[in-house]
> 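The structure's right below; bear with me while I get my questions together.
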Amino acid sequence: MFDTLLEKQDKIIFHLFQYLQKKNPCPLKEVSTELGLSLKSLKRYVTLWQQSKDPYSIGISFYIKNQVISASYSQENAQLFLSSLLNQSDTFQLLVKIIENPFDTFKSLEKNVLFI
């Protein structure tokens, strides 16, 4: 259900995180197969995640070494991870605006969404 609300990169990172909660560390090849990604794509998504401000503000990091991937996080950060990703999702923010103001016009919504 939340897949439709997350941006593509965040969706992949969230699925990676969920898998690593079951088996951490894990062979990179196993995770890439599970997520349906090539090794190159998985490494690219992890690199993009690590280069963004998100790992520091959310407190979840991924490390790749010797074809093994691991995640580093606290239990508190793990519990808040999905809500943190949703909070930065434009789609989710639009949904929140619609729920807050169900009778707004599209024109009014358009003005409000520009400030998300």
Side-chain angles (χ1 to χ4, degrees):
M1 175 181 154
F2 295 110
D3 280 357
T4 57
L5 298 175
L6 293 174
E7 310 301 326
K8 182 179 180 179
Q9 179 180 337
D10 290 341
K11 185 185 325 183
I12 290 168
I13 291 296
F14 184 67
H15 287 295
L16 169 63
F17 176 70
Q18 285 181 311
Y19 195 77
L20 289 175
Q21 281 187 303
K22 298 174 197 169
K23 185 176 181 182
N24 188 18
C26 185
L28 199 55
K29 180 70 175 159
E30 180 181 327
V31 176
S32 69
T33 300
E34 180 68 26
L35 298 179
L37 297 169
S38 68
L39 286 172
K40 184 178 177 180
S41 292
L42 179 57
K43 287 178 182 180
R44 182 172 40 91
Y45 283 116
V46 169
T47 300
L48 289 171
W49 173 259
Q50 293 300 99
Q51 291 174 347
S52 70
K53 65 177 176 32
D54 299 325
Y56 307 108
S57 63
I58 295 175
I60 297 180
S61 297
F62 301 98
Y63 302 96
I64 299 173
K65 185 176 181 181
N66 299 327
Q67 297 302 312
V68 173
I69 187 166
S70 60
S72 175
Y73 57 90
S74 70
Q75 192 59 37
E76 294 81 23
N77 290 338
Q79 292 172 348
L80 297 173
F81 190 43
L82 179 59
S83 62
S84 298
L85 292 175
L86 286 172
N87 192 43
Q88 65 190 21
S89 165
D90 292 337
T91 306
F92 184 73
Q93 294 305 315
L94 176 60
L95 180 61
V96 168
K97 292 287 185 193
I98 291 170
I99 291 171
E100 287 174 347
N101 303 299
F103 301 108
D104 264 0
T105 64
F106 285 117
K107 192 169 191 100
S108 175
L109 263 177
E110 182 181 32
K111 287 179 186 176
N112 288 333
V113 171
L114 292 176
F115 298 107
I116 293 178

> Tell me, please, which residues at least two apart from Gln18 pass side chain to side chain contact (heavy atoms under 4.5 Å, CB included).
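Expected list: Phe14, His15.
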
> Could you pull out all residues at least two apart from Ser38 that satisfy side chain to side chain donor-acceptor pair (under 3.5 Å)?
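By the side chain to side chain donor-acceptor pair (under 3.5 Å) rule, Ser38 matches Ser41.
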
> Do the side chains of Val68 and Ile13 join up, straight or via other hydrophobic residues, at under 4.5 Å, putting them in one cluster?
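Shared cluster, no.
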
> As a test of understanding, state which of Asn66, Leu42, Val46 forms a side chain to side chain contact (heavy atoms under 4.5 Å, CB included) with Leu28.
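Looking at Asn66, Leu42, Val46, the match for Leu28 under the side chain to side chain contact (heavy atoms under 4.5 Å, CB included) is Leu42.
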
> Any pair with a residue in residues 34-44 that passes salt bridge (Lys or Arg N to Asp or Glu O under 4.0 Å), sequence neighbours left out, goes on the list, sorted by first then second residue, please.
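Listed once each, the pairs would be none.
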
> Under the ring pair (Phe, Tyr, Trp, His ring centres under 6.0 Å) test against Tyr73, which residue among Phe62, Phe81, Phe17 passes?
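Option passing the ring pair (Phe, Tyr, Trp, His ring centres under 6.0 Å) with Tyr73: Phe17.
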
> Using ring-ring contact (aromatic ring centres under 6.0 Å, His included) as the criterion, list what pairs up with Tyr45, not counting sequence neighbours.
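Result, ring-ring contact (aromatic ring centres under 6.0 Å, His included) vs Tyr45: none returned.
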
> Should Ile60 and Leu35 be counted in the same cluster of Ile, Leu, Val, Met, Phe, Trp and Tyr side chains packed under 4.5 Å apart?
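Linked, Ile60 and Leu35 end up in one cluster.
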
> Would Leu39 and Ile12 show up in the same hydrophobic cluster when neighbours are defined by side-chain heavy atoms closer than 4.5 Å?
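Looking at the clustering, Ile12 is in the same group as Leu39.
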
> For Lys22, check side chain to side chain contact (heavy atoms under 4.5 Å, CB included) against everything at least two apart and list the hits.
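Scan of Lys22 (side chain to side chain contact (heavy atoms under 4.5 Å, CB included), adjacent residues dropped) gives none.
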
> Under the side chain to side chain contact (heavy atoms under 4.5 Å, CB included) rule, collect the residues that match up with Ser70, sequence neighbours excluded.
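By the side chain to side chain contact (heavy atoms under 4.5 Å, CB included) rule, Ser70 matches Asn24, Pro25, Tyr63.
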
> Tell me, please, which residues at least two apart from Glu30 pass salt bridge (Lys or Arg N to Asp or Glu O under 4.0 Å).
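Glu30 satisfies salt bridge (Lys or Arg N to Asp or Glu O under 4.0 Å) with Lys23 only.
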
> Could you give me the CA-CA distance, side-chain angles and deciding distance for Ile69 and Leu16, then say whether side-chain contact (heavy atoms from CB on, under 4.5 Å) is met?
CA-CA 10 Å; Ile69 187 166; Leu16 169 63; 4.0 Å; yes

> Within this structure, what is the CD-CG distance for the pair Gln9 and Leu85, rounded to the nearest 0.5 Å?
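Separation between the atoms: 10.0 Å.
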
> Which residue pairs pass the salt bridge (Lys or Arg N to Asp or Glu O under 4.0 Å) test with at least one member in residues 61-71, sequence neighbours excluded?
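Listed by first then second residue: nothing to list.
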
